[in-house]
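Shown next, in structure tokens, is the structure this report addresses.
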Amino acid sequence: MTSVWTSERFEPGRAGHPANRAREGHADPKPFMVALAICISTSFCTPVAHETTMLVMGPGRYRFKHYLSIGSGMAVIAWLLTTFVTPLVWRF
């Protein structure tokens with residue numbers, strides 16, 4: 001979803017959901033909010049994720065497949081790091 005909408009439009013509408021779920025489970029909402037912010041800001045799989053990626057697409061002669069091949073690996077790395085580092089820094 002974040003590849004279609006910019007993170008500025010997407011994040012405020014979705015920020016309440018993980019915070020409410022954390023409070024219902026008697027957990028601190030901060031790690032959930034941090035994970036959400038990181039996931040929203042790390043959309044590497046498409047050139048439409050951010051304005052700067054679209055700006056370099058033409059002059060760099062990049063194609064959609066370049067973003068998908070490199071970006072999917074970067075997205076998996078960001079996901080794994082977020083999954084394992086966030087609970088270490090921000091306790092539940």
Side-chain angles (χ1 to χ4, degrees):
M1 255 180 152
T2 58
S3 298
V4 178
W5 297 325
T6 60
S7 59
E8 292 84 12
R9 280 188 278 166
F10 187 75
E11 187 172 1
R14 296 289 181 195
H17 185 70
N20 291 336
R21 295 295 172 246
R23 286 187 193 104
E24 287 175 4
H26 304 290
D28 184 18
K30 192 180 287 186
F32 296 96
M33 301 303 290
V34 169
L36 177 69
I38 291 171
C39 289
I40 287 174
S41 63
T42 56
S43 179
F44 305 117
C45 294
T46 66
V48 295
H50 200 268
E51 294 86 7
T52 54
T53 55
M54 292 181 73
L55 287 173
V56 300
M57 187 175 177
R61 296 185 185 150
Y62 295 117
R63 301 283 181 248
F64 191 84
K65 66 178 182 178
H66 296 130
Y67 287 93
L68 193 59
S69 63
I70 300 297
S72 58
M74 290 174 61
V76 168
I77 290 170
W79 169 59
L80 290 173
L81 284 174
T82 302
T83 300
F84 293 112
V85 173
T86 301
L88 297 175
V89 178
W90 294 279
R91 297 284 178 205
F92 294 102

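Here, residue 1 is the first one in the sequence, and each next residue gets the next number.
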Determine all donor-acceptor pairs shorter than 3.5 Å in which one atom belongs to a side chain in residues 59-66; sequence neighbours excluded.
from  : atom 1 : to    : atom 2 : distance (Å)
His66 : ND1    : Arg63 : N      : 2.8

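For Ile77, the side-chain contact (heavy atoms from CB on, under 4.5 Å) partners two or more places apart in sequence, or in a different chain, are Leu81.
Side-chain heavy atoms closer than 4.5 Å link hydrophobic residues (I, L, V, M, F, W, Y) into clusters, and following such links, possibly through other members, connects Val89 to Val34. Grouping the Ile, Leu, Val, Met, Phe, Trp and Tyr side chains by contacts below 4.5 angstrom, directly or via other members, places Met54 apart from Tyr67.
When all heavy atoms of Arg91 and Pro31 are compared, the closest pair comes out as O-CG, 3.8 Å. Of all non-hydrogen atoms in Pro29 and Ala22, the two that sit nearest each other are CA-CB, 3.7 Å. Nearest heavy-atom pair, Pro87 versus Thr82, reported as atom, atom and distance to 0.1 Å: CD-O, 4.0 Å.
Sequence neighbours left out, the pairs with a member in residues 21-43 that pass salt bridge (charged side-chain N to carboxylate O under 4.0 Å, His left out) are Arg21-Glu24.
Separating the CE atom in Met33 from the CH2 atom in Trp90 is a distance of 12.5 Å, to the nearest 0.5 Å.
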